[in-house]
Amino acid sequence: MSGLLRLSAIGFAISSVSLSNAWAEEEHQLSDATRQDHHADDEHDEHSEAADVVVVTATRSGRAVNNEPVRVEVVTAEEIEEKALMRPGNISMLVAEIGGVRIQTTSPALGAANIRLQGLYGRYTQLLSDGMPLYGGQAASIGLLQIPPTDLGQVEVIKGAASSFYGGSALGGVINLVSRRPGDEASGDLLVNLTTENGQDVTGYFETPVTDDLSVSLTAGAHRQSAQDFDDDGWIDMPFHERVSVRPRLFWEGASGASLYTTIGFMTEQREGGTLAGATVPDGTAFPQNQDTTRIDIGSIASAPLTDTLTLKFRGSAMVQDHEHLFGTVLEDDRHESYLAEASLTGDLWDIGWVIGAAYQADVFSSDTFSEFNYTYDVPGIFAQADYDITDLLSVSLSGRVDDHSEFGTQFSPRVSVLYKPGDFTIRGAYGRGYFAPTPFVEDIEAAGLSRLSPLENLDEEVAETASFDVGYRRGPIEANVSVFGSNVEGVTELQSFASMPGGELDRVRLVNAEGETRIRGSELLLRYVWNDIKLTGSYLFVDATEDDPLGGRREIELTPKHSAGFVAMWEQHGKGRLGFEAYYTGEQSLYGNPYREQSEPYWHLGLLGEITMGRMSYFINLENLLNVRQTKEDPLVLPMRAPDGQWTTNIWSRNDGFVVNGGARIRF
């Protein structure tokens, strides 16, 4: 596609405070009649709780989560508030405790991390805000640490190929961050947090109606963390950062049913890691590793009813993110841009809810330092979805998308999901296929920079098929779910080391499509019991993830534990306080390129949270990592010699922060 089309999309996204798809907005605002229709199956269950009527926005159907053929896991506002006390500065703690989700540290120097769903690579997870890619088409790993949970109303997770919904960046699944909606009165809160490792967070949220139709909200935060070297080896284990972010939101709903949602975000951060002043790596040189980030984004969602059964919807977004990286003596200056424009028509015909639409997406990377890696991906596409209630107990959802990728050609992404609800059981099955357009930014390159990477050539798209089957049971205070899943991925991009001089040491890397097929098989178990003010939750995840071994046969995928489990006990009384205990187990992981070990040690993470509420004030204290687990207690983090990709550290397979206490106060007004 031409640059003219991309500029048109920019204008569409920025000037269309009214030209953006409002399916998410509409789903927030389902009418009473629509809710009655969507929740008819729930009304017979006298034990139904608020979770039964949570409306999903990550799919286009606008159904209650229990009536959605696509399995969507939802983190509610109550759980978000709890996790915000543990980690007010970012959403890593929030998503880490969702079953089947693993937060993987990708840069030990800067603390960057990505989200892995059911063993799939983190670059396959699409991170959205109200259904829009405000953090980029391929969100950088550091982006996870730059999003505060302050203004979130709920978080929705779709696991498995979701390219039929969101295109190539959602090959492994979707994390959709849904914003809080203002109420009928002005309100807000202010949270102040301090940690024993000299960290500080101040976040504020304010909302107010302006007229009967218009309301606004504002979120702002300032965050700081001092650099920490826990093992006194001269390498920073907890990087320094300072960050400021601001996000206003506007909500409008007209009497005719038309609606508009617009948000603008600004964030700036300085992050510093690597060697301390005066310290060196084993070759005797200093190696500071810093990153300065500035991000500006705008997104808009609009909806206009045409008839009683037809609705026209638009959505658009634009994101520009400037980076300045320092890797030792190499300074990399670059920019990431992401644009979206989409229009769709939704309707109902007999027992079928349908959506048809067209979209244009663009992802742009430009580097002043290494311009040979610049790329522009223009992706126009069309999509369709149909949700059919075959009987009162049986529903099916079919969706498909065709993208015309400027680099990788035509791509078709289908997905089918089936729901059967006999009595207190819910039985779901799903199959999906999707693709991912390779970029230079696999996990190791994000951590090491581009200086040792050869220019990309002869790469094919990464393609995956995913399938899942799960059975859920809910009656009274008991909830249980067991699922099995599998994925086959072809063309996985990976780094291959080589020597720049004949007979020399390995000092360069190239990006290639791996031979053979990556296979992931696994299962999840979730148990929940509610007794008065006490909620008990237990989870277990088994993942068998293998890839072709260069030496023959198959081997386990690195940094993927076969066994992990969790247990959370929480007592809470609204208006009085809460007390919680959590325990998470991570099993052994295979390690490659680590000179100190080939298998990681299993470890436990234990935590305690307490909060007391007195009127508008609440005071909280959170104890993280009670066992003081820290990887550098087992082995050094710094390598004896620099890796071919340019990194000076091993991969993080454990925690690296040790025992930390944070606490503070929240004021509601």
Side-chain angles (χ1 to χ4, degrees), residues 13 20-28 55-62 68 70 72-75 80 90-92 94-95 98 101 114-117 120 122-141 143-144 146-149 151-181 247 249 261-265 267 295 297-301 313-319 321 336-342 344 357 359-363 379 381 383 385 399 401 413 415 434 436:
S20 340
N21 182 332
W23 52 268
E25 182 72 8
E26 181 184 77
E27 289 152 3
H28 274 301
V55 176
V56 172
T57 68
T59 67
R60 302 178 190 272
S61 64
E68 175 61 70
V70 178
V72 182
E73 297 185 42
V74 178
V75 182
I80 292 171
N90 62 70
I91 62 170
S92 61
L94 175 62
V95 298
I98 301 171
V101 177
N114 62 23
I115 308 170
R116 300 183 66 177
L117 299 179
L120 289 163
R123 61 182 179 271
Y124 298 161
T125 302
Q126 174 71 77
L127 187 62
L128 300 172
S129 176
D130 291 311
M132 297 177 290
L134 298 184
Y135 309 109
Q138 181 187 359
S141 296
L144 182 65
Q146 297 170 334
I147 306 169
D151 63 346
L152 297 182
Q154 67 186 42
V155 176
E156 303 165 346
V157 182
I158 300 176
K159 302 168 187 173
S163 296
S164 66
F165 297 137
Y166 296 105
S169 297
L171 178 60
V174 172
I175 305 282
N176 187 33
L177 310 176
V178 182
S179 59
R180 289 164 65 174
R181 293 192 54 80
R247 181 172 293 281
R249 302 181 191 268
Y261 161 72
T262 298
T263 181
I264 299 174
M267 187 277 301
R295 183 176 66 239
D297 63 70
I298 180 171
S300 190
I301 302 173
K313 306 177 181 180
F314 300 92
R315 66 173 175 150
S317 65
M319 186 279 299
Q321 183 166 256
H336 296 261
E337 302 172 42
S338 178
Y339 305 99
L340 168 69
E342 182 183 291
S344 65
Y360 166 79
Q361 291 180 277
D363 286 296
V379 192
F383 57 87
Q385 179 176 327
S399 57
R401 184 183 185 108
S413 304
R415 182 180 175 109
F436 180 81

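None of these values were measured; they are calculated from a predicted model.
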So which heavy atom on [X] is nearest to which on [Y], and how close?
X: Ser163; Y: Gly434; result: OG-CA, 3.4 Å
X: Arg401; Y: Ser164; result: CB-O, 3.7 Å
X: Phe383; Y: Ala359; result: CE2-CB, 4.2 Å
X: Phe436; Y: Ser169; result: CD1-CA, 4.4 Å
X: Leu340; Y: Pro133; result: CD2-CD, 3.6 Å
X: Val101; Y: Val95; result: CG1-O, 3.2 Å

Check: Leu134 main-chain N/O paired with Ser129 side-chain donor or acceptor under 3.5 Å: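 It does not hold such a pair.
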Give a yes or no answer on whether the side chain of Arg295 reaches the backbone of Met319 with a donor-acceptor pair at less than 3.5 Å. no
Approximate separation, where rounding is to 0.5 Å, of [X] [atom1] and [Y] [atom2]:
X: Gln126; Y: Leu117; atom1: CD; atom2: CG; value: 11.5 Å
X: Ile91; Y: Ile80; atom1: CD1; atom2: CD1; value: 9.5 Å
X: Ile115; Y: Ile175; atom1: CD1; atom2: CD1; value: 4.5 Å

Between [Y] and [X], is there a side-chain heavy-atom distance shorter than 4.5 Å?
X: Glu73; Y: Lys159; value: yes
X: Tyr166; Y: Gln361; value: no
X: Leu152; Y: Val75; value: no
X: Asn114; Y: Arg116; value: yes
X: Leu128; Y: Val174; value: yes
X: Leu177; Y: Tyr135; value: yes
X: Thr263; Y: Asp130; value: no

Applying the side-chain hydrogen bond (donor to acceptor under 3.5 Å, both in side chains) test to Asp151, which of Arg180, Arg181, Arg249, Arg247 qualifies?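 Between Asp151 and the candidates, side-chain hydrogen bond (donor to acceptor under 3.5 Å, both in side chains) is satisfied uniquely by Arg249.
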For side chain to side chain contact (heavy atoms under 4.5 Å, CB included), just list the numbers for Ile158 and Glu68, CA-CA rounded to whole Å, side-chain angles, deciding distance to a tenth of an Å, and then say yes or no. CA-CA 11 Å; Ile158 300 176; Glu68 175 61 70; over 6 Å; no
Could you go step by step and tell me if Val72 and Asn176 meet the side chain to side chain contact (heavy atoms under 4.5 Å, CB included) rule? CA-CA 10 Å; Val72 182; Asn176 187 33; over 6 Å; no
